[in-house]
Amino acid sequence: MATPQLPVTVARLSTSVTIRLIPMDMLSAAALANPASLLQSIQGTHIGAVESFAETNNRPAAIRFEMNSDAPGVVQEETPNQVEARTITLERVVLYASDVLDIFSIQNGDVVYQNTAFALIKTEVAPLAANVPTRITIYQGCWFTSNPKLYAVKSDLKIIQSVNITYAERTVVSV
């Protein structure tokens, strides 16, 4: 499923990324074991008009310092804490046909009406000459946490939705 229009480069290109939606009930263990079949089942559900995609996956560390010594304040050890909320920020142009929450069939464009989690599938396709497999990232247990629509007539005429999504689990596979 390579995209032949991509230039041959070692850099990952944003044009090689496709973001799709899939209901959580389609993510069985068998589907996760065979990502190629998973891609075939969701080919027609592109989110579309995405201008930016940002993933945040933080795990802060607690630092233990040396006390009462010749070099007080020197870091002796760092121990990782629990993972903070893992989030995705998705900026999408609002189309006349739909906004982001319409794509996810959420009533009235209000996050309060989301009653089931969904999954996002991000597919990164490398140019054919790169000889790199397609990389699929599956974000499971996704919930919208905000849904602002922003526009500024002075700078841009597009209306952009910058939605925040939290997710529970992330799986990366190569096909």
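If you're wondering where the values come from, they're calculated on a predicted model, not measured in any experiment.
The minimum heavy-atom distance between Phe53 and Leu90, with the atom names listed, is CD1-CD1, 3.6 Å. Nearest heavy atoms, Ser146 versus Ser162: OG-O, 4.3 Å. Of all heavy-atom pairs between Gln140 and Ala119, the closest is CA-CB, 4.4 Å. Scanning all heavy atoms of the two residues, the minimum distance from Pro60 to Gln82 falls at CD-O, 3.8 Å.
Put simply, the side chain of Ile138 does not reach to within 4.5 Å of the side chain of Tyr167, judged on heavy atoms. Contact of the Tyr139 side chain with the Arg86 side chain is not registered, since no non-hydrogen atoms from C-beta on lie closer than 4.5 Å.
For the atom pair CZ (Arg170) and CD (Glu55), the distance works out to 4.0 Å, reported to the nearest 0.5 Å. In this structure, CD1 in Ile121 is found 9.0 Å from OG1 in Thr137, a value given to the nearest 0.5 Å.
Note: the hydrophobic cluster containing Val112 also contains Ile165 (ILVMFWY, side chain heavy atoms under 4.5 Å, direct or indirect links). Transitive grouping of hydrophobic side chains (ILVMFWY, heavy atoms separated by less than 4.5 Å) brings Tyr113 and Val163 into a common cluster.
Not one N or O on the side chain of Glu78 forms a donor-acceptor pair closer than 3.5 Å with the backbone of Pro80. Between the side chain of Thr145 and the main chain of Asn164, a donor-acceptor pair closer than 3.5 Å is present. When atom types are taken as modelled, the side chain of Arg59 and the backbone of Asn81 share a donor-acceptor pair closer than 3.5 angstrom.
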After noting the C-alpha distance and the side-chain angles of Phe118 and Phe144, does the key distance pass the side-chain contact (heavy atoms from CB on, under 4.5 Å) rule?
CA-CA 10 Å; Phe118 60 89; Phe144 287 105; 3.5 Å; yes

Would Asp110 and Asn147 count as a side-chain contact (heavy atoms from CB on, under 4.5 Å) if you check the C-alpha gap in whole Å, the side-chain angles of each, and the deciding distance to 0.1 Å?
CA-CA 8 Å; Asp110 191 340; Asn147 178 32; over 6 Å; no

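Side-chain contacts under 4.5 Å among hydrophobic residues (ILVMFWY), followed directly or transitively, place Val75 together with Ile63, Phe65.
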